[in-house]
Amino acid sequence: MNIFVTSAFIATIGIAAAPPAQAGELWRATGLEQPESALFDAANNRIIVSNISGNPGDADGNGYLSVLSTEGKIVTQHWTDGMDAPKGMAIAGGKLYVADITKVRVVDLASGKLIASIVIPNAVFLNDMTSDQSGKVYVTDMLADTIYRIDGDRPELFVRDAMLASPNGVFADGSRLIVASWGKGIKPDFSTAEPGGLLAVDLASKTVTPLAGAQKFADLDGVIAFGDTIYATAYMTGTLYRYRTGGAPEAVVHFKPGSADIGTDGKSILYVPLMNEGEVAALKID
């Protein structure tokens, strides 16, 4: 329990003063409450944001989802209520799936109504989500070195492997999942004995493979991919990294600590939740 208390403390620092705009920044949406994930809903041309609004590990009923326009304006602050500490999200089959501690919430995309809660047996701290080309969704369990898969409303263990090293961000990329690991040996202040890195999990064989040159460099949070380029955030330092196959991770933007599960329009824009500032930043990328 101490780890969650510490995480909640981390998510309150630095709220008073917003940092200056970053290079390539298009806008910032403000007035959110510990935004953890920003997901682009292409079918409805909007951005859905999960708000923890409390301790990230407490089932307190405070969590909710907001809707932003693509210009960064809040369309609906409380679009979906009735959650605890919502984090990563994924869209599949006209439904929105939301990681919420030990459950995956299911929301109707048309109405925003919470329509189901899928209990994940033995889950500890569900974090990020993604969906593959077949409509299956995946959710990381950061504190159990595990990824679960959900087909419709049926959860199953997909892979459990110490190599995942506290898996946080996850992104379906063709025949593989790209995983951003927080690292090994999480301490009370959420730092690690060994920093995390980038991994790939083959969807067919479930084999976990470290990405060359991108190991043990940061405590990673969110992750997305554009072709051969991967972007990942480091929550503890607020750094946005870029990695290209065969190279090394490159720090491209520095925010205050608290950058979390990033989203993308799939073209040229990243949406970066800034938990500590209660903001989401939109960045134009190369």
Side-chain angles (χ1 to χ4, degrees), residues 1-11 13 34-38 50 52 55-57 85-90 99-102 120 122-130 138-148 158-171 177-201 208-211 213-225 230-243 249 251 254-263 272-276:
M1 183 56 68
N2 287 343
I3 195 168
F4 299 136
V5 171
T6 301
S7 181
F9 171 76
I10 290 171
I13 61 175
Q34 289 170 264
E36 204 281 339
S37 184
S50 60
I52 291 175
N55 191 319
K87 300 178 182 70
M89 299 176 285
D100 195 1
I101 308 178
T102 59
I120 309 296
N122 304 312
V124 181
F125 192 71
L126 301 179
N127 204 310
D128 197 16
M129 300 197 72
T130 191
Y138 301 81
V139 58
T140 58
D141 191 340
M142 180 178 173
L143 300 183
D145 290 342
T146 298
I147 299 174
Y148 294 95
F158 178 64
V159 61
R160 177 176 291 138
D161 193 318
M163 286 182 64
L164 292 172
S166 307
N168 193 323
V170 62
F171 186 84
L177 299 178
I178 298 172
V179 177
S181 86
W182 191 277
K184 295 183 179 180
I186 297 177
K187 301 175 183 179
D189 66 354
F190 237 55
S191 64
T192 56
E194 179 180 292
L198 295 171
L199 310 154
V201 182
V208 180
T209 305
L211 296 187
Q215 294 306 297
K216 302 179 183 179
F217 70 95
D219 299 324
L220 297 180
D221 198 307
V223 65
I224 62 95
I230 296 171
Y231 289 88
T233 53
Y235 181 95
M236 300 292 283
T237 62
T239 307
L240 175 68
Y241 288 95
R242 178 173 58 204
Y243 167 80
H254 295 280
F255 296 103
K256 287 187 175 182
S259 54
D261 290 332
I262 49 178
V272 184
L274 305 173
M275 279 184 62
N276 297 348

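For the pair D261 and N168, the minimum side-chain heavy-atom distance is below 4.5 Å. Annotation: side chain of I178 is not in contact with side chain of T130 (no heavy-atom distance under 4.5 Å). You'll find the side chain of R160 reaches within 4.5 Å of the side chain of Y148, heavy atoms only. P167 is listed as a side-chain neighbour of D145, based on a closest heavy-atom distance under 4.5 Å.
Scanning all heavy atoms of the two residues, the minimum distance from V223 to A180 falls at CB-CB, 3.9 Å. For the pair Y241 and A218, the tightest heavy-atom approach, listed with the atom from each and the gap, is CE1-CB, 3.9 Å. Residues S181 and A165 share a closest heavy-atom pair of CB-O, 3.2 Å. The minimum heavy-atom distance linking P35 with P273 is given by the pair O-CB, 3.4 Å. Across all non-hydrogen atoms, the minimal contact from L198 to A232 is CD2-CB, 4.2 Å.
With sequence neighbours excluded, the residues forming a side-chain hydrogen bond (donor to acceptor under 3.5 Å, both in side chains) with S191 are D189, listed by chain and number. Evaluation of the side chain to side chain contact (heavy atoms under 4.5 Å, CB included) rule for D161 yields V159, M163, L164, V208 as partners, not counting sequence neighbours. Take D219 and apply the side-chain hydrogen bond (donor to acceptor under 3.5 Å, both in side chains) test, not counting sequence neighbours, and it matches T192. Residues that satisfy the side-chain hydrogen bond (donor to acceptor under 3.5 Å, both in side chains) test with Y138, not counting sequence neighbours, are D132. S50 pairs by the side chain to side chain contact (heavy atoms under 4.5 Å, CB included) definition with E36, S37, L65, P86, M89, not counting sequence neighbours. Remark: Y243 engages no residue in a ring pair (Phe, Tyr, Trp, His ring centres under 6.0 Å) (not counting sequence neighbours). Take A200 and apply the side chain to side chain contact (heavy atoms under 4.5 Å, CB included) test, not counting sequence neighbours, and it matches R176, L211. Under the side-chain hydrogen bond (donor to acceptor under 3.5 Å, both in side chains) criterion, T102 pairs with no residue, sequence neighbours left out. Residues that satisfy the side chain to side chain contact (heavy atoms under 4.5 Å, CB included) test with A85, not counting sequence neighbours, are I52, K87, D100, I101.
In this structure, CE on M275 lies 15.0 Å from CZ on F255, to the nearest 0.5 angstrom. Taking NZ from K184 and NZ from K216, the interatomic distance works out to 6.5 Å, rounded to the nearest 0.5 Å. Taken from OG1 in T140 to CG in L126, the straight-line distance is 7.5 Å, to the nearest 0.5 Å. The structure places CG of L177 at 5.5 Å from CZ of F158, a figure rounded to the nearest 0.5 Å.
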Using ring-ring contact (aromatic ring centres under 6.0 Å, His included), reason through Y235 and F190 one step at a time and then give a plain yes or no. CA-CA 10 Å; Y235 181 95; F190 237 55; 7.4 Å; no
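Paired with S259 under the rule side-chain contact (heavy atoms from CB on, under 4.5 Å), one option of T239, D221, T233 passes, and it is T233. A side-chain contact (heavy atoms from CB on, under 4.5 Å) with I147 holds for exactly one of D141, V179, V139; it is V179.
Side chain of S166 to main chain of G183: a donor-acceptor pair is present (N/O by atom type, distance under 3.5 Å, no hydrogens or angles). The main-chain N or O of V170 is found under 3.5 Å from a side-chain atom of D128 such that the two form a donor-acceptor pair.
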